[in-house]
Amino acid sequence: MTLRARDVSLAYDGTTVLDGLSLTVEGGEVVAVIGPSGVGKTTLLRLLALFERPDDGTVEFDGVDVWAAGESERLALRRRIGMVFQDAGLFDASVARNVEYGLRIRRSWRDRVGEELRSLVRSNGHPAAVEEALTVVGLADSREQTARSLSGGEAQRVSFARALAYDPDVLLLDEPTSDLDPRNTAVIEEAITEARDRGIGVVVATHDMHQAQRVADRVAVLLDADVSECGPTEAVFENPTDARTRKFISGELVY
């Protein structure tokens, strides 16, 4: 699996957000995108999620130019991508039903019916993928709890489990631990590692450089509407080659 943005540019109302940016994520790796707030990290994730069409450049998924493909093919590719936003965005339903939602909308009717029949013979009535995802985020015992009763950190863990349950090829995370306490942050970071170990390509947009050092195999530094540097995590943090990257990481470059 390879998801690649190649020389992409995107502007809103005449303001350039991304300018000639290139980034690649492969299956089984975690790429952290770091940069100051408002620099375009979320826009980049939306572009990789196929929510946004670039003004210039291409987005390729396994060699397919996504925006040159037909609508049905593009939809099929989009369904292989999961995204977790800063806002968990849960429904007023049980934890398990929230996690199951992604499975329901992405599978064919035949697969949905088959899974419903299999779930009837289980003691808890939920698909195995839901149980596995809840176990990864440490909420298997809360499956029947209502989403509205969860803490903010628990809600974000449910949101992560919902994206993980349908086994995407790519998982995009937008500031997944923003404002979370250390315990919930640690659970999410462990879940990121689990996703990578399953062969999923993970992109984490974060302003937390310590988090990037903990979870990422590669780091991309987003500055001035482009990636100033991208490489192995230790190399980027310990010996950056770009002057802007060096100043940003050291705290000299203030936005």
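To the nearest 0.5 Å, atoms NZ (K247) and CD1 (I249) are separated by 13.5 Å. In this structure, OG1 in T146 is found 10.0 Å from CG in N98, a value given to the nearest 0.5 Å. Note: I188 CD1 to L173 CG = 8.0 Å, rounded to the nearest 0.5 Å. Annotation: the span from L171 atom CG to M83 atom CE amounts to 10.0 Å, rounded to 0.5 Å. For the atom pair OG of S159 and CG of L164, the computed distance is 11.5 Å after rounding to the nearest 0.5 Å. We find the CG-CD distance between L3 and E26 to be 9.5 Å, quoted to the nearest 0.5 Å.
Counting only residues at least two apart or in different chains, side-chain hydrogen bond (donor to acceptor under 3.5 Å, both in side chains) contacts with residues 84-93 comprise D92-R148. Sorted by first and then second residue, the side-chain hydrogen bond (donor to acceptor under 3.5 Å, both in side chains) pairs involving residues 10-21 (not counting sequence neighbours) are Y12-E52.
What you find for I34 and K41 is that their closest heavy atoms are C-CD, 4.0 Å. Here the closest heavy-atom approach between residue V227 and residue C230 is recorded as CG1-CB, 3.9 Å. Nearest approach of A165 to L103, heavy atoms of both residues: O-CD2, 3.5 Å. Residues L45 and A205 approach most closely at CD1-CB, 3.7 Å, considering heavy atoms. In terms of heavy-atom proximity, A88 sits nearest to A155 at CB-O, 3.5 Å. The two residues P36 and L223 make their nearest non-hydrogen contact at CD-CD2, 3.7 Å.
Between the E175 side chain and the H207 main chain, a donor and an acceptor come within less than 3.5 Å of each other. Checked by atom type and distance alone, the side chain of Q156 never pairs as donor or acceptor with a backbone atom of T177 at under 3.5 Å. One N or O on the side chain of R218 and one on the backbone of T24 form a donor-acceptor pair closer than 3.5 Å. Under the 3.5 Å distance criterion, the side-chain polar atoms of T233 are matched with a main-chain donor or acceptor of A216. In this structure a side-chain-to-backbone donor-acceptor pair under 3.5 Å is missing from D226 to L222. For D208 (side chain) and H210 (main-chain N/O), a donor-acceptor pair under 3.5 Å exists by modelled atom type. For R79 (side chain) and A76 (main-chain N/O), no donor-acceptor pair under 3.5 Å exists by modelled atom type.
For CG of D179, the number of neighbouring non-hydrogen atoms (other residues, nucleotides, ligands) closer than 6.0 Å is 12 at most.
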*asked:* Apply salt bridge (Lys or Arg N to Asp or Glu O under 4.0 Å) to residues R157 and E154 and explain how you reach the verdict.
replied: CA-CA 5 Å; R157 285 154 63 185; E154 290 170 333; 5.1 Å; no

Item to check | Criterion side-chain contact (heavy atoms from CB on, under 4.5 Å) on L139 and L150, from CA distance to verdict | outcome: CA-CA 11 Å; L139 290 174; L150 300 174; 5.6 Å; no

message: Pair V219, V221 - check side-chain contact (heavy atoms from CB on, under 4.5 Å), show working.
response: CA-CA 6 Å; V219 171; V221 184; 4.3 Å; yes

Self-check item: Trace of the side-chain contact (heavy atoms from CB on, under 4.5 Å) decision for F85 with T42
Solution: CA-CA 9 Å; F85 300 89; T42 297; 6.0 Å; no

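Of the residues listed (L44, D56, T43), the one engaging L10 in a side chain to side chain contact (heavy atoms under 4.5 Å, CB included) is T43, and it is the only one. Exactly one residue among R4, E73, M1 makes a side chain to side chain contact (heavy atoms under 4.5 Å, CB included) with F61. That residue is M1.
Under the side-chain contact (heavy atoms from CB on, under 4.5 Å) criterion, E189 pairs with T185, Q211, R214, V215, not counting sequence neighbours. Every residue two or more places apart in sequence or in another chain that forms a ring pair (Phe, Tyr, Trp, His ring centres under 6.0 Å) with F91 is listed here: Y101.
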Show me the side-chain donor-acceptor pairs of residues 196-204 shorter than 3.5 Å, one per line, residues at least two apart or across chains.
| residue | atom | partner | partner atom | Å |
| --- | --- | --- | --- | --- |
| R196 | NH1 | D217 | OD1 | 3.3 |
| R198 | NE | E194 | OE2 | 3.1 |

Can I get a per-line list of side-chain donor-acceptor pairs under 3.5 Å for residues 235-243, giving both atom names and the distance, sequence neighbours left out?
| residue | atom | partner | partner atom | Å |
| --- | --- | --- | --- | --- |
| T241 | OG1 | E229 | OE2 | 3.2 |
| D242 | OD1 | R244 | N | 2.7 |
| D242 | OD1 | R244 | NE | 3.4 |
| D242 | OD1 | T245 | N | 3.3 |

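D65 and T58 are not linked by any side-chain donor-acceptor pair at a separation below 3.5 angstrom, with hydrogens and angles left out of the test.
Residues R74 and E71 are not paired through a salt bridge, judged by the lack of any N-O separation under 4.0 Å between the basic side chain and the carboxylate.
Residues R143 and V130 have side chains not in contact (no heavy-atom distance under 4.5 Å, counting atoms from C-beta outward).
With hydrophobic clusters built from ILVMFWY side chains whose heavy atoms lie under 4.5 angstrom apart, F51 shares a cluster with L47. Linking Ile, Leu, Val, Met, Phe, Trp and Tyr residues whenever their side-chain heavy atoms come within less than 4.5 Å leaves I81 and L75 in two separate clusters.
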